[in-house]
Amino acid sequence: MSRASLLLATTASVLAGVLAGTGAVADEAHGPHWSYSGATGPEHWAEEDAAFAACGSGRERHQSPINIDGAPQQELPPIEFHYQPTPLTVTDTGHSFQVNAVPGAGGITVGGEHYDLVQFHFHRPSEETFQGHHYSMVAHLVHKNAQGQLAVVAVQIRKGQENDFLKPIFDNFPARGAKEKSVAGASVDLQTFVPGKHGYYTYEGSLTTPPCSEGVRWFELKSSVEASAAQVQEFAVRYPHNARPTQALNGRSVQQSRD
């Protein structure tokens, strides 16, 4: 397969995971079953379907999440956030709660490259670790550029004060058995959620759920936000653990911005 064909195939695979109706999560109702434990847990994802082959281990794999344990500081371009309010519809993907963006919801620009917001969803605990440490939760903000390439901004969530941005989302999780809940007249604006300091770690990785497609640019913000213990518990009642274990770097480098 030529390099161009390989790039197109990788991009198509990544977009399949994003556009399957769950963003960065495969649609359980229309695909192989997978979970976070037992016989269908992460160590078995590659066995569930040929399309999940990238989820397997191997020295050539560039999978996410990873453990971040220091990285050289470099002059990296800042992340410019340009979010706009999006209507509040919370989707239960079967693996997390997610809010899908509508056209015009904005996105990010990094080094002159613009990525539109596609969706954001949550994991408990955080999937990525820092010197082996998990945060209470993480929000993954998924973006796509004009070429179909993905960029994920990870915002770590620690226990503390109630988070005003999360409140209308967490208070409107769909009832058990329902796929989504729309709140008439309500909207959410990620601009109010992102930390004021935008320093980050960055590396090349993958989706953290099947099909585990690679070629995803990750931006791990160094600053975190707070959520109350009650809010974390709200999520935990339905999803007590939905985090993939960290994956080997396999020769990849992690970069850190100076700010």
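In this text, all values refer to a predicted model and were calculated from it rather than measured experimentally.
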Between Trp34 and His44, ring centroids under 6.0 Å: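 Distance test on ring centres: not under 6.0 Å, no.
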
In Å, rounded to the nearest 0.5 Å, how long is the span from [atom1] of [X] to [atom2] of [Y]?
X	Y	atom1	atom2	value
Ile108	His198	CD1	NE2	11.0 Å
Lys179	Thr91	NZ	OG1	9.5 Å
Glu43	Ser57	CD	OG	11.0 Å
His62	Glu60	NE2	CD	8.5 Å
Thr40	His33	OG1	NE2	3.5 Å
Ser257	Ile79	OG	CD1	7.5 Å

Are there more than 12 heavy atoms of other residues, nucleotides or ligands under 6.0 Å from atom [atom1] of [X]?
X	atom1	result
Gln161	CD	no
Arg59	CZ	no
Lys222	NZ	yes

When you measure from the side chain of [X] to the backbone N and O of [Y], does any donor-acceptor pair fall under 3.5 Å?
X	Y	value
Gln247	Pro245	yes
Asn242	His95	yes
His140	Val153	no
Asn250	Gly58	yes
Asn67	Gln131	yes
Thr86	Val188	no
Glu220	Tyr200	no
Gln231	Asn163	yes
Arg158	Ser224	yes
Thr109	Gly112	no

With a 4.5 Å cut-off on side-chain heavy-atom distances among I, L, V, M, F, W and Y, is there a chain of contacts connecting [X] to [Y]?
X	Y	answer
Tyr115	Val194	yes
Val155	Val118	no
Ile68	Phe219	no
Phe81	Phe193	yes
Tyr135	Val138	no

Are any non-hydrogen side-chain atoms of [X] and [Y] less than 4.5 angstrom apart?
X	Y	value
Asn100	Glu180	no
Thr202	Arg217	yes
Tyr36	Thr209	yes
Phe122	Tyr239	no
Leu249	Ile66	yes
His143	Leu141	yes
Phe97	Pro174	yes
Tyr83	Thr192	no

Check whether the side chains of [X] and [Y] place a donor and an acceptor atom closer than 3.5 Å, and report yes or no.
X	Y	result
His114	Asp116	yes
Glu214	Gln63	yes
Arg124	Ser136	no

Of all the heavy-atom pairs spanning [X] and [Y], show the shortest one and how long it is.
X	Y	answer
Cys212	Ala54	O-CB, 3.5 Å
Gly199	Asp259	CA-OD1, 3.4 Å
Gly205	Ser64	CA-OG, 3.3 Å
Ser182	Thr89	OG-OG1, 2.9 Å
Ser126	Gln156	CB-OE1, 3.1 Å
Pro125	Ala243	O-CB, 3.5 Å

Salt bridge present between [X] and [Y] (N-O < 4.0 angstrom):
X	Y	answer
Asp92	Arg238	yes
Glu127	Arg244	no
Glu204	Arg252	no

Verdict with supporting geometry, Arg258 and Glu75, salt bridge (Lys or Arg N to Asp or Glu O under 4.0 Å): CA-CA 6 Å; Arg258 293 192 183 279; Glu75 293 295 339; 2.8 Å; yes

Steps toward side chain to side chain contact (heavy atoms under 4.5 Å, CB included) verdict (Phe235, Met137): CA-CA 9 Å; Phe235 187 89; Met137 292 185 65; 3.5 Å; yes

Parallel, tilted or perpendicular: rings of Tyr203 and Trp218 (30°, 60°):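 Trp218 vs Tyr203 ring planes: parallel.
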
Side chain to side chain contact (heavy atoms under 4.5 Å, CB included) evaluation trace for Thr208 with Val152: CA-CA 11 Å; Thr208 66; Val152 180; over 6 Å; no

Candidate pair Val216 and Val142, rule side chain to side chain contact (heavy atoms under 4.5 Å, CB included), full reasoning: CA-CA 10 Å; Val216 179; Val142 184; over 6 Å; no

Stepwise side chain to side chain contact (heavy atoms under 4.5 Å, CB included) check, Gln256 with Gln74: CA-CA 6 Å; Gln256 177 183 182; Gln74 300 186 29; over 6 Å; no

